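Per chain, numbering begins at 1; letters A, B, ... match sequence-line order. Just so we're clear, the structure is a prediction, and the values are computed from it rather than from any experiment.
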Amino acid sequence: MSKIQAPKGVHEFFPPESQEFEYVRETLIKSAKDAGYQLMELPAFEDTDLFTRGVGESTDVVSKEMYTFEDRGGRSITLRPEGTAGVMRSVIEHNLDKGQLPLKVWYSGAFFRAERPQAGRYRQFYQVGIEAIGLADPEIDAEVIAVADRSFKNLGLKNYRLEITSLGDAASRALHKVELVKFIATLDFDEATMARAALNPLRLFDDKRDEVRLKMAKAPLLIDFLNQASKDHFERVQSLLTSFGIAFIVNPRMVRGLDYYTGTTFEFVHDGLGAQSGIGGGGRYDGLMAQLGGADHSGIGFGIGVDRVLLACAAENSISTKISEAYSLDLFLIAMSEETKSYVANLLNSLRNHGIRADMAYGDRALKGSMKAADKSGARFSMVIGSDELNSGEAMLKNMSTGESRSIRLAALHNEF
RNA sequence: GUGGGCGUAGCUCAGCUGGUAGAGCACUCGGUUGUGGUCCGAGAUGUCGCGGGUUCGAGCCCCGUCGUUCACCCCA
């Protein structure tokens, strides 16, 4: 009998490293909440049509990476490969766009793509995302980008860059596509590359091979085909980012893999992760809601890969001290004898009722072992309680970093924190 | 999905041209009868990923398989 193991390509987080995952995720969420975004908690699986219509049938995500199955009622169900389509579906279904706009929401959870796993790419991965729906102003584009950027800065990250471009409106894109296809037809590529070009000619812009880059160097760029309105919008976004103090580079060769993107698009890239270097990305998706049967509202949002941001934090060693501050205990209690154990358990419980972060040594270990546990816990203070302390009502409160201790009345212990 | 590397103790890894498994860290106990971190000593821990094959004999060679990793591809 073989051992049961986790399915291929899933990423699990357990102690002590799970603290880092939690810290990263909560920090990402906090900057969304602080900017007025509210939670949407959505299903991890949806009707398959939502993704084929929303994300686009020609995308790799839909055509070969979805976990699709038939449920017991014969419906075609797909584990969500991304977050935006589900948010749009719910907004339309529950008429959330009938109130004041923009509607600003955030989400967090697991997403699924059946890809070949490698560092930073998992079959179940975690994203935190936001969506701002129903406002076409460049100010909201800048806000969305700033929310992501602020969360990275709050995590202490430095070695990342923001790349932005504009995909313009549908008319501009159609015009450009004609010219791009014409240009590519003059080039000599292998069969696989031509097949990619046929599916989406923009793809060739982010090919990693030097010979392809060389051949594409003179290809017509979409950014040169933008109409005046798109151009003005993109200019405004850039000047806002500059005044926010957010550094960026315009990358007109940036390619996004989901069909719904229009206008402003962006990507946060970190070079410490290997081949999977995108830690977050997003953009405007002005036709998506109408495409899914809702009102023709514009929208913009991002998805940030929690797994990858965690890798970036590890590469920069940016959060280890923040984590010990965020999670360490105030006090660690040690019961010296069998008789004091239940007293200590009660004391511990009442300290926790006062909001003090505390724990105690369980089990019958020698004092040395218990002190070691206190040390390991990272608690700032420790206290040993035996029958002497019980009788006198006082015990020594020890500062674990300086080693100093002083006598404290047990009844007033909670006032020390 | 395609190609290369790697799977040995909880972790990081050593193990020579095949001869029957080891180190460091971590853990438990003790040195120090009620005060951690350093030091010293002792102890426990393995289907050598799994399944076949070759061989007198396989952790080592061969085949398959699963996982992982790196690149392509794709993207968070």
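- Using a 4.0 Å heavy-atom criterion, one finds that A:Q124 contacts no nucleic acid atom at all.
- Between A:R203 and the phosphate of B:rC73, there is no side-chain N or O to OP1/OP2 separation shorter than 4.0 Å.
- In this structure the side chain of A:T27 never reaches within 4.5 angstrom of the side chain of A:I319, judged on heavy atoms.
- Candidate nucleotides B:rA76, B:rC72, B:rC73 were compared by shortest atom distance to the side chain of A:A275, and B:rC72 ranks first.
- Residue A:H11 is tested with A:F21, A:Y122, A:F112 for a ring-ring contact (aromatic ring centres under 6.0 Å, His included); the sole match is A:Y122.
- One finds no side-chain N or O of A:K368 lying less than 4.0 angstrom from the OP1 or OP2 phosphate oxygen of B:rG36.
- Atoms CD (A:Q118) and C1' (B:rG3) sit 13 Å apart, rounded to a whole Å.
- Between the C1' atom of B:rU69 and the CZ atom of A:R121 lies a distance of 12 Å, rounded to the nearest Å.
- The closest side-chain heavy-atom distance from A:F234 to A:I164 is below 4.5 Å.
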Just the table, please: protein N/O against nucleotides 6-8 of chain B N/O, every pair under 3.5 Å.
none

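- For A:Q276 against B:rA71, no side-chain N or O and base N or O form a donor-acceptor pair under 3.5 Å.
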Identify every side-chain donor-acceptor pair in residues 193-203 of chain A under 3.5 Å, counting partners at least two apart or on other chains, and give the distances.
from	atom 1	to	atom 2	distance (Å)
A:T193	OG1	A:D190	OD1	2.7
A:T193	OG1	A:D190	OD2	3.1
A:T193	OG1	A:R209	NH2	2.9
A:R196	NH1	A:D207	OD2	2.8
A:N200	OD1	A:L202	N	3.0

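- For the pair A:R256 and B:rA76, the criterion of a side-chain N or O lying under 4.0 Å from OP1 or OP2 is met.
- A:F125 and A:F111 have tilted rings, their planes meeting at an angle from 30° to 60° on a 0 to 90° scale.
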